[in-house]
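So the structure is just underneath, and the comments pick up after that.
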Amino acid sequence: MKISHAIGMMILAVIVTIAIEESRIAGLRAQLQKSETAERVAPGRTRPEQDAADRAADLAATRSTRVAERPAPGASPTPSEDAGDFGKSVRKMWENPAGKSMLNQGVKMAVAMMYEDFIDSLDLTKEEADYFRDLLGAEIANQQEFGMKLMSATAEEREELMKEMERRRVENEEAIKTFLNNEEDHKRFEAYKDRLPERQQMDGLRAAMAGKDASMDGETESRLIEAMHRARKQPDVKDLSGISGMKALADGNMTEVFEKSWETQQAALRKEVSGILNEKQQEAFFEYQEQMKEFQIMSLKMAEKMMAPGETAE
């Protein structure tokens, strides 16, 4: 399922997942090593593969549960429960060549998922297309880098990091405009990029509507994208992409901001979609939207725990 509200939040969710997974795997490896030492089989005997797999699955489930838990007020956090460990793990991953390589692969996949249709619409050579993909990936890579650094930064450090993130964003936008070197192409790019949160929902919406035998045609999809875009661009709907999303997360009120904006957005959509979708399509649309909301809130709450003031290790 793709996150609906903003591209920045999609990337942040990826960062959170990577941090959790890295910590989980490290813990699992350590526990497996202890288990192997404590339960070493006699020479000449072989432990059944299924037994080993079952133990690994149990350990993974236990570790995942501990990751999601937060210590009670006044309690001394254990290493597996201390959110500061996540910040350290994230920084460690960013500094590790293997970790960087994995993240770079993720950036390439994200660029292909988000922009390949637009890239194909331009008359570019292979070298030009590759360079353009690098420019598009730079913004995503910057969000990854700063998202990771923010997780273990002080309030003062976060302020400086967000300033640097904004500087890089402006610099990258200028590089893209210079590369396109065509006012019309640049306007098309800006319009395409501005509707990415809506475009990203279409695969899921198509599947949801097909499940109710209520498929949309191309014209209906285009009208729905525009309606969703207008709803998201209302003055009372907060933009949680990029630096504004990072700031709301650092301030610790992103879930609250998101929920208020979501309700405003949905009220506008309810008025518009009645003239675009039939009854079956509307039912599928709003069911899908509700599922996305719950998924988003779950991701945001986990991210807020990791970024909460006072959670970093001493």
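This is a predicted model, so every value here is computed, not measured.
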Would you mind checking if K233 and E226 are paired as a salt bridge, meaning a charged N to carboxylate O distance below 4.0 Å?
no

Rounded at 0.5 Å granularity, tell me how far CD in E221 sits from OG in S215.
9.0 Å

Given R168, which of E139, Q143, E145 fulfils the side-chain hydrogen bond (donor to acceptor under 3.5 Å, both in side chains) condition?
E145

Salt bridge flag under 4.0 Å for residues E166 and R169:
yes

Among residues at least two apart in sequence or on other chains, which ones pass side-chain hydrogen bond (donor to acceptor under 3.5 Å, both in side chains) with E272?
R230

Between the side chains of Q266 and Q289, does any donor sit under 3.5 Å from an acceptor?
yes

Sequence neighbours excluded, the answer for side-chain hydrogen bond (donor to acceptor under 3.5 Å, both in side chains) partners of K126 is D130

Any donor and acceptor pair, going by atom type alone, linking the side chain of Q281 with main-chain N or O of N278 inside 3.5 Å?
yes

Just wondering, more than 12 heavy atoms not from D217 lying within 6.0 Å of its CG?
yes

With T125 via side-chain contact (heavy atoms from CB on, under 4.5 Å) - residues at least two apart
E127, E128

Tell me whether the count of non-hydrogen atoms from other residues, nucleotides or ligands lying under 6.0 Å of CD in E294 goes above 12.
yes

I need the minimum non-hydrogen distance between M114 and L196, along with the two atoms involved.
O-CD2, 3.2 Å

Please report the interatomic distance NZ(K177) to CD(E190), rounded to the nearest 0.5 Å.
8.5 Å

Rounded to the nearest 0.5 Å, the CD atom of E256 sits from the NZ atom of K238 at a distance of 11.5 Å

According to side-chain contact (heavy atoms from CB on, under 4.5 Å), who are the partners of E156, at least two apart in sequence or on a separate chain?
T154

If hydrophobic clusters are built from ILVMFWY residues whose side chains come within less than 4.5 Å, do Y131 and L122 share one?
yes

One thing to verify: whether E184 and K187 come together as a salt bridge, which I'm taking to mean a side-chain N less than 4.0 angstrom from a carboxylate O.
no

Would you check if the side chain of T220 reaches a backbone N or O of M216 as a donor-acceptor pair within less than 3.5 Å?
no

Under a 4.0 Å threshold between the charged nitrogen and the carboxylate oxygen, would R223 count as salt-bridged to E219?
no

Check the surroundings of atom CE in M109: do more than 12 heavy atoms from other residues, nucleotides or ligands lie under 6.0 Å from it?
no

dist Q234:CD -> S261:OG (nearest 0.5 Å) comes out at 9.5 Å

How would you list all residue pairs meeting salt bridge (charged side-chain N to carboxylate O under 4.0 Å, His left out) that involve residues 112-125, not counting sequence neighbours?
E116-R133

dist M202:CE -> I225:CD1 (nearest 0.5 Å) comes out at 5.0 Å

Please round to the nearest 0.5 Å and tell me the distance separating atom NZ of K193 and atom CZ of R199.
14.0 Å

Suppose the criterion is ring-ring contact (aromatic ring centres under 6.0 Å, His included): which pairs have a residue in residues 198-225, not counting sequence neighbours?
none

Parallel, tilted or perpendicular: rings of F132 and F179 (30°, 60°):
parallel

